[in-house]
Amino acid sequence: MPLAVRFDRYGGIDVLRVAEVDRPIAGANQVLVRVKAAGINPGEAAIREGAFADRFPATFPSGEGSDLAGIVEEVGSAVNNVKVGEEVIGFTDNRASHAELVVVESDHLVHRPANVSWEQAGALFVAGTTAYAAVRAVSLKASETVVVSGAAGGVGSIAVQLARNLGARVIGLAGAANHAWLTEHGVIPVAYGDGAAERIRAAAENSIDAFIDTFGGGYVELALELDVAPDRIDTIIDFAAAAKHGVKAEGSSAAANAKVLGELAGMIDAGRLEIPIAKVYRLADVREAYHDLAQRHTRGKIVLVP
Ligand SMILES: NC(=O)c1ccc[n+]([C@@H]2O[C@H](COP(=O)([O-])OP(=O)(O)OC[C@H]3O[C@@H](n4cnc5c(N)ncnc54)[C@H](OP(=O)(O)O)[C@@H]3O)[C@@H](O)[C@H]2O)c1
């Protein structure tokens with residue numbers, strides 16, 4: 001029987017287990033994918049802890065995971081965009097990708113381009129579409145200056161590169177361990193913490209046109225203090241600050257589709273985008289993977305491989 005991550009109640013990392021489950025069955029418009037890699041995301045930890053229990057309740061036993069890349073194992077009778085044996089990148093909305101086998105809607109899949117590693121492919125969907133939406137939300141023009149908080153994290157590491165590709169000057173807030181990576185990717189690194197506003201102003205030289213917050217905890221207020229217009233600020237996490245100050249809060253749901261996923265995969269294939277892979281864990285080590293993510297110092301993405 002195939003293995004999949006399961007949890008039976010809301011709770012900490014210790015509620016996660018890897019269980020033998022029934023082989024999933026693809027419906028007419030669905031595809032059964034044998035997973036080669038699947039990214040993990042902080043939102044999954046929040047769901048598991050019950051933080052969204054009123055808005056997005058779990059039904060138990062619950063699976064988890066949205067991101068995936070793998071090989072087509074079976075196709076439903078009405079599927080004509082992929083064939084058995086083809087390599088795909090995709091997503092599921094059913095909390096199910098942290099598994100050996102997952103059923104995916106056929107229109108949630110794109111083909112894996114040759115130059116996209118399994119790990120980058122499997123980690124792409126949530127962080128990639130979120131970064132895409134956040135960068136689009138702040139309407140960057142070439143030579144404008146944008147600040148990104150959490151600049152080397154899962155979403156931030158992609159957002160800074162998308163902003164650079166638009167020709168923007170990008171200032172990335174990150175810990176010292178990530179400054180060299182940011183510099184290598186054309187980003188001006190700035191340390192967060194006390195005095196960050198002064199350091200950002202010094203690095204910007206001229207005006208700061210936009211701010212993308214991927215960390216929360218006061219960065220919306222910092223952006224306003226830096227005189228960034230509210231409609232050029234996007235936070236993917238501080239929804240209270242977004243409501244209070246009228247700034248944008250566009251995240252994954254604004255770009256969660258196969259078209260954007262394919263566009264991002266094409267950028268990786270062409271060498272214009274890199275998904276840094278911080279660490280790869282076996283599916284059986286799912287608890288260790290989330291423990292690592294919970295430290296909040298991941299550079300890029302943590303990936304599970306069945
Ligand atoms: N709205 C949506 O659709 C959506 C989608 C995806 C994620 N999210 C949310 O967005 C957040 C980021 O997700 P993620 O996957 O990018 O998380 P992540 O990979 O865990 O991000 C970790 C990053 O946070 C940085 N960081 C730690 N302390 C910081 C501080 N005090 N100030 C600034 N940066 C700090 C770390 O930087 P250093 O290592 O350099 O210290 C690290 O690069 C999460 O809260 C997640 O739930 C929302």
Side-chain angles (χ1 to χ4, degrees), residues 38-49 51-52 55-56 64-67 91 93 122-137 147-162 171-185 187-197 199-200 211-223 233-243 247-257 260-261 264 275-279 289-303:
I40 69 169
N41 293 283
E44 291 144 10
I47 288 170
R48 186 200 68 234
E49 287 161 358
F52 300 133
R55 270 187 298 158
F56 311 117
E64 71 173 7
S66 304
D67 304 348
F91 61 99
D93 297 326
L124 187 56
F125 174 68
V126 170
T129 57
T130 305
Y132 186 102
V135 171
R136 186 176 59 188
V147 180
V148 179
S149 65
V155 178
S157 64
I158 301 173
V160 294
Q161 295 176 76
L162 298 179
I171 296 171
L173 293 173
N178 287 316
H179 286 199
W181 184 88
L182 290 167
T183 304
E184 282 162 24
H185 289 77
V187 178
I188 303 162
V190 168
Y192 51 74
D194 286 348
R199 289 192 292 279
I200 292 168
F211 199 113
I212 295 170
D213 169 35
T214 78
F215 190 77
Y219 285 109
V220 168
E221 286 78 7
L222 176 66
I233 300 171
D234 190 75
T235 178
I236 63 164
I237 186 65
D238 195 344
F239 304 115
V247 311
K248 293 184 171 177
E250 289 183 24
S252 170
S253 61
N257 58 65
V260 171
L261 185 62
L264 292 163
I275 312 302
I277 302 299
K279 194 150 180 188
Y290 276 99
H291 179 75
D292 196 345
L293 185 71
Q295 308 312 307
R296 302 307 310 273
H297 290 295
T298 306
R299 181 189 304 157
K301 296 296 301 174
I302 294 171
V303 182

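Just follow the structure's listing: the first ligand is 1, and inside any ligand the first atom is 1. Along the sequence shown, residues are numbered consecutively beginning with 1. Note that this is a predicted model, so its numbers are computed, not measured.
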Can you produce the list of protein nitrogen or oxygen atoms under 3.5 Å from a nitrogen or oxygen of ligand 1, alongside each distance?
| unit_1 | atom_1 | unit_2 | atom_2 | d |
| --- | --- | --- | --- | --- |
| ligand 1 | 1 (N) | Ile236 | O | 2.9 |
| ligand 1 | 3 (O) | Ser252 | N | 2.8 |
| ligand 1 | 16 (O) | Gly154 | N | 3.2 |
| ligand 1 | 16 (O) | Val155 | N | 2.9 |
| ligand 1 | 19 (O) | Gly154 | N | 2.8 |
| ligand 1 | 20 (O) | Arg296 | NE | 3.3 |
| ligand 1 | 32 (N) | Tyr219 | OH | 2.6 |
| ligand 1 | 39 (O) | Asn178 | ND2 | 3.1 |
| ligand 1 | 39 (O) | His297 | ND1 | 3.1 |
| ligand 1 | 40 (O) | Gly175 | N | 2.7 |
| ligand 1 | 40 (O) | Asn178 | ND2 | 2.7 |
| ligand 1 | 41 (O) | Tyr192 | OH | 2.4 |
| ligand 1 | 41 (O) | His297 | ND1 | 2.8 |
| ligand 1 | 43 (O) | Gly153 | N | 3.0 |
| ligand 1 | 43 (O) | Thr298 | O | 3.4 |

Practice problem: Answer yes if the side chains of Glu64 and Tyr290 hold a donor-acceptor pair under 3.5 Å, and no otherwise. | Solution: yes

Quiz prompt | Which residues share a side chain to side chain donor-acceptor pair (under 3.5 Å) with Ser157, sequence neighbours left out | solution = none

Quiz prompt | Any residue meeting side chain to side chain donor-acceptor pair (under 3.5 Å) with Asp234, in chain and number order, not counting sequence neighbours | solution = none

Exercise. Give the minimum heavy-atom separation between Pro189 and Thr183, together with the two atoms involved.
Key: CG-OG1, 3.4 Å

Self-check item: His179 NE2: over 12 foreign heavy atoms closer than 6.0 Å
Solution: yes

Practice problem: Check side chain to side chain donor-acceptor pair (under 3.5 Å) between Arg299 and all other residues, then give those that pass, not counting sequence neighbours. | Solution: Asn178

